[in-house]
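Just the heavy atoms: all of them, side chains too, but no hydrogens, waters or symmetry mates, feed the values below.
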Amino acid sequence: MALRRIDTELRAKHLEAMPPPTTRHTLSEWNLNNKHRDRCCLEEQKLADFIIAKCERFKDEIEEKTKLNKKDTDHKIEERKLDIEFNTNEIMHQRKEVCIEVDNLKTYMERIKNCLNAIEKNGKVICQKCIILRKGRIGIDLCYDDVERKLKNELEAIERTQNMLRSSLEQINEQVRRLKSTTYFMDRDLEHKSKVAKIEYHNSTINETSLNLSMYHGFTPLNRGIVTNDEWEEFTKSNIEKAAKEVNSARQLRGYTDIIIKQAVDALWDQYHEVNSAFKRRIAEIRDVKNKMEVQHSEIVRQSNEITRTVSNLEKSLAEKEGFVKLAHTRLGNRVHRPEMELCKDVVEIALVNEVAELRKNGAIMQRMLAETHANLRYLLKIQIQLEEEMNIKTNSLKIDEVDCMTLRESMDYHAF
């Protein structure tokens, strides 16, 4: 058992092979080996010298190129700073123009609002009051005359002018909104350029020996620029051109607004003068008619007085004629008592009978004349009353047109503000 165990242990262990005996070389091999080693050393030394020279040369070239690249980059950073500064100044200059134009348009908005208020208070309200006052005319004078037509035309012109000015106000308000929108985009561009200017300024102040330099070891590319330089220039140029276009539109709108306000005010003044001329013509017509009525009234009064005197004279004459009639009747009555043959139709009898007949005839004529005179007097008095009523109507119309309306219209005022 012991022998078997020993045999198993021997088989389990690895047996190491013994090295072969050392080879014996000749002297020639030894000399050749030495020469080969010398040659290899010389070649390796030459290669090392070449590599050292090449590394020095490449190191110097790379160092020079690195410095040139840094110098070129520094130069481009300075150019970029100048470009940013130039574009910033251009945007700020254009932004100043936009702000000035916004202030100008706001001033024009105030002008239009003041003009609208003035037209409403000093024009439309007064015109409406004149129309309402003229409704206070009475009788035949409450007619649709030239003044009424001109007043309505003036009211329509005022309303058209107000609508036109409100439309201009809306256009200016929209232009202000567009200018403010342009200002917003320019402000955002200025903010971005300010940040870039700070970054470029910081980049221009650091160098390879500065502190807090870092090495990026991430996987995302550092060059994240997706906008080309031409696109960057075009974006800024587009903002400036858009702002300049809006400023130009605003200036044209202001010029158009000046023309609109002037034309509107001139048109309203023309309407004002037309209405005043119509008032003056109408007042002259009413005054002329009233003067004629006054003349007619004085003549009617005179004739009424004469007719009254005529009536009095006729009545007096009739009263006097009654005495003659009574006398003739008394004489005839007395002659009826003549006796017998003396009761004849003598000349006296015939004369008395004719006298009585003539007196009756003349009395009837005078009665008819008296009736006609009374009728004419009543008609004259009726005409007199009508004339007085018409004169009162004309006086009322003159008061409304000349005193009330024309006094109101003196306070009408239109100007361009």
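- At distances below 3.5 Å, not a single donor-acceptor pair connects side-chain atoms of Asn396 with backbone N or O atoms of Asn392.
- Note that OG of Ser238 is 10.0 Å distant from NZ of Lys245, once rounded to the nearest 0.5 Å.
- More than 12 non-hydrogen atoms from other residues, nucleotides or ligands lie less than 6.0 angstrom from CZ of Arg57.
- For the pair Lys180/Tyr184, no side-chain contact is recorded, criterion being any heavy-atom separation below 4.5 Å from C-beta on.
- Proximity of Arg137 to Ile286: side-chain heavy atoms (C-beta onward) are nowhere separated by under 4.5 Å.
- Residues Asn229 and Arg80 bring a donor and an acceptor atom of their side chains to less than 3.5 Å of each other.
- We find that Glu148 and Arg282 are not joined by a salt bridge, their nearest charged nitrogen and carboxylate oxygen being 4.0 Å or further apart.
- Judged by the 6.0 Å and 45° rule, Arg111 forms a cation-pi pair with Tyr108.
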| request: Walk me through it: do Leu314 and Gln367 pass the test side-chain contact (heavy atoms from CB on, under 4.5 Å)? | output: CA-CA 8 Å; Leu314 285 173; Gln367 287 291 343; over 6 Å; no
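- Side-chain atoms of Arg134 do not come within 3.5 Å of backbone N or O of Asp401 as any donor-acceptor pair.
- The closest side-chain heavy-atom distance from Val98 to Glu246 is not below 4.5 Å.
- A salt bridge links Lys67 to Glu63: one of the charged nitrogens lies within less than 4.0 Å of a carboxylate oxygen.
- Of all heavy-atom pairs between Ser397 and Asp141, the closest is OG-OD2, 2.5 Å.
- Closest approach of Cys127 to Leu151, counting heavy atoms only: SG-O, 3.4 Å.
- Using a cutoff of 4.0 Å between basic side-chain nitrogens and carboxylate oxygens, Arg254 and Asp258 are not scored as salt-bridged.
- The neighbour count for His273 NE2, taken as heavy atoms of other residues, nucleotides or ligands under 6.0 Å away, is above 12.
- The environment of Arg251 atom CZ is dense: over 12 non-hydrogen atoms of other residues, nucleotides or ligands sit within 6.0 angstrom.
- Heavy-atom neighbours of Tyr144 OH from other residues, nucleotides or ligands within 6.0 Å: above the threshold of 12.
- Interatomic distance, CE of Met369 versus OG of Ser317, reported as 9.5 Å (0.5 Å rounding).
- Ser181 places no side-chain N or O within donor-acceptor distance of the main-chain N or O of Arg177, the cut-off being under 3.5 Å.
- For the pair Ser167 (side chain) and Asn163 (backbone), a donor-acceptor distance under 3.5 Å is absent.
- In this structure, Leu387 and Gln296 approach most closely via the heavy-atom pair CD2-OE1, 3.7 Å.
- Surrounding NZ of Lys70 are more than 12 heavy atoms belonging to other residues, nucleotides or ligands, all under 6.0 Å away.
- Glu101 places no side-chain N or O within 3.5 Å of a backbone atom of Val176 that could act as its donor or acceptor partner.
- Inter-residue side-chain proximity for Ile300 and His297 is flagged as unmet; no heavy-atom pair is nearer than 4.5 Å.
- Within the model, atoms CG of Leu105 and CG of Asn173 stand 10.0 Å from one another, a figure rounded to the nearest 0.5 Å.
- With values rounded to the nearest 0.5 angstrom, Met164 atom CE is found 9.5 Å from Ile261 atom CD1.
- In this structure, NZ on Lys193 lies 10.5 Å from CG on Asp83, to the nearest 0.5 angstrom.
- The backbone N or O of His202 lies less than 3.5 Å from a partner atom in the side chain of Thr205, making a donor-acceptor pair.
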| said: Could you go through Ile158 and Tyr414, starting from their C-alpha distance and side-chain angles, then the distance that decides it, and tell me whether this counts as side-chain contact (heavy atoms from CB on, under 4.5 Å)? | reply: CA-CA 11 Å; Ile158 290 172; Tyr414 304 112; 3.6 Å; yes
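- A heavy-atom distance below 4.5 Å is found between the side chains of Asn276 and Met406.
- Residues Lys96 and His93 have side chains not in contact (no heavy-atom distance under 4.5 Å, counting atoms from C-beta outward).
- Each of Asp74, Asp72, Thr73 was evaluated against Lys76; a single residue qualifies, Asp72, per the side-chain contact (heavy atoms from CB on, under 4.5 Å) test.
- Not a single donor-acceptor pair under 3.5 Å links the side chain of Arg188 to the backbone N or O of Phe185.
- The aromatic ring centres of Trp269 and Tyr272 sit less than 6.0 Å apart.
- Judged purely by atom type and a 3.5 angstrom limit, Asn69 uses its side chain to pair as donor or acceptor with the backbone of Lys65.
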| Step by step, would you call Ile91 with Asn239 a side-chain contact (heavy atoms from CB on, under 4.5 Å)? | CA-CA 8 Å; Ile91 294 174; Asn239 281 340; 5.7 Å; no
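- When every heavy atom of Gln94 is checked against every heavy atom of Val247, the shortest pair comes out as NE2-CG2, 3.8 Å.
- Between the side chain of Asn291 and the backbone N or O of Arg287 there is at least one donor-acceptor pair closer than 3.5 Å.
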| Audit row: Glu274, Glu154, side-chain contact (heavy atoms from CB on, under 4.5 Å) steps and yes/no | CA-CA 9 Å; Glu274 283 187 16; Glu154 183 180 39; over 6 Å; no
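- Under the 3.5 Å distance criterion, the side-chain polar atoms of Asn114 are matched with a main-chain donor or acceptor of Glu110.
- Other residues, nucleotides and ligands contribute over 12 non-hydrogen atoms within 6.0 Å of the CD1 atom of Ile350.
- Using a 4.0 Å cut-off between a side-chain N of Lys or Arg and a carboxylate O of Asp or Glu, Lys81 and Glu78 qualify as a salt bridge.
- Here the CD-SG distance, from Glu410 to Cys405, works out to 12.0 Å after rounding to the nearest 0.5 Å.
- Across all non-hydrogen atoms, the minimal contact from Leu377 to Ser304 is CD1-O, 3.6 Å.
- Considering only heavy atoms from C-beta on, Ile283 stays 4.5 Å or farther from Lys280 through its side chain.
- Using a cut-off of 4.0 Å between Lys/Arg side-chain N and Asp/Glu carboxylate O, Lys394 and Glu390 are scored as salt-bridged.
- For the pair Glu294 and Lys290, the salt-bridge criterion is met [side-chain N within less than 4.0 Å of a carboxylate O].
- Taking 4.0 Å as the cut-off between side-chain N and carboxylate O, Glu306 and Arg302 count as a salt-bridged pair.
- When the shell of 6.0 Å around NE2 of His374 is examined, it contains more than 12 heavy atoms from other residues, nucleotides or ligands.
- Considering all non-hydrogen atoms of both residues, Ser411 and Asn122 come closest at O-CB, 4.3 Å.
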